[in-house]
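Accompanying notes for the structure given below.
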Amino acid sequence: MEIYYTKKELQLALEALKLNNKVITLVPTMGALHEGHLSLINFAKPKTDITVCSIFVNPTQFNDPKDLEKYPRPIEKDIQLLESVGCDILFLPSVEEMYPPNDETWHIDLGELDRIWEGEHRPGHFQGVTQIVHKLFELVKPDYACFGQKDFQQVMVIQKMIQMKNLPIQLLICPIIRNANGLALSSRNARLSDEGREIALAIFKSLNAIKSNFKSKSIPNLLEEARTILAQQPEITIEYLSICESSTLSPVTKLEEGKSYVAIITVWLEGVRLIDNIILS
Ligand code: PAF
């Protein structure tokens, strides 16, 4: 695997590959890689000639400076993991490289997507995410970009940015990777105790209950049943649980022909914020 630290080095390498008509896929990450990230690379590889992974802990998407400071950066381990799955290029820039002094200010009108759910709980987060992803898109100019379904709202935000800016990039949405308990893998889940991991099973159970009965029950009933399953675990506090139209993430109370739907949930357990979703149609 080649590792590039500057935009210039990366661009030079990519120019040569593009001259040879290589198909390029970008997998943006913030490092601290786990199986979920590696599944993005594995998902991308058969569809592409060259997989470029970026590792960059993006300061503009953090609301809390302490969270940014504490964010794990196990770079040696990340490099080994990327090599183990056959990643071709790692882009590992510094903050100065991505945000030079007098850098442009960024704002994109994402409408409600920027204000609801994760947008409401983490103001400015999606502006930061789109700012860095747009920079990476401009730099790599990939044919495909791979994101995990786990952060469903982030995927919809990126999709909207691609449409708004008319970027010739196809989004690959990689399915959620779950552990044996059905818990969606994420860096945060590692902070749960063994007991917490057992309790967290209720999250996937409640999403599955919604999916199994999606066509046969009303939306209020589906949500009530899911809440009943979660209520059996008093340690779990629901932050939000909703059935939404997929592209806008607007909550719905009844279904319309030809639209797609997703159930989204965020809960707190043992001081850890857990986020999950299930695609319904
Ligand atoms: O999902 C993430 O890890 C980040 O939000 C991303 C897409 C790499 C942008 O910093």
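For ligands, and for the atoms within them, numbers begin at 1 and follow the listed sequence. Quick caveat, the model's predicted, so the values are computed rather than measured.
Of the N or O atoms in Gln61, one or more lie within a sub-3.5 Å distance of an N or O in ligand 1.
Clustering ILVMFWY residues whenever any of their side-chain heavy atoms sit less than 4.5 angstrom apart, transitively, puts Ile89 in a cluster other than the one holding Leu12.
Residue Thr29 has at least one heavy-atom neighbour below 4.0 Å for each of these atoms of ligand 1: 8 (C). Here is the list of ligand 1 atoms found below 4.0 Å of a heavy atom in Phe147: 7 (C). Near Pro28, the atoms of ligand 1 lying under 4.0 angstrom from a non-hydrogen atom of the residue are 8 (C). With ligand atoms numbered from 1 in the order given, ligand 1 contributes 9 (C), 10 (O) to contacts under 4.0 Å with heavy atoms of Ile132.
Asn58 and Tyr99 are linked by a side-chain donor-acceptor pair at a separation below 3.5 angstrom, with hydrogens and angles left out of the test.
With salt bridges taken as basic N to acidic carboxylate O contacts below 4.0 Å, one links Glu112 and Arg115. The residues Glu256 and Lys259 are annotated as salt-bridged, a charged nitrogen and a carboxylate oxygen being separated by less than 4.0 angstrom.
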Can Leu207 and Lys211 be said to form a side-chain contact (heavy atoms from CB on, under 4.5 Å), step by step?
CA-CA 6 Å; Leu207 290 176; Lys211 189 167 172 86; over 6 Å; no

Take Asn189 and Ser186 through the side chain to side chain donor-acceptor pair (under 3.5 Å) test and state the conclusion after the steps.
CA-CA 5 Å; Asn189 297 356; Ser186 89; 3.2 Å; yes

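Proximity of Phe56 to ligand 1, defined as any heavy-atom pair under 4.0 Å, is not found for any part of the residue.
If you check which protein heavy atom lies closest to atom 1 (O) of ligand 1, you get Gln154 NE2, 2.8 Å. For atom 3 (O) of ligand 1, the closest heavy atom belonging to the protein is Met30 CG, 3.6 Å.
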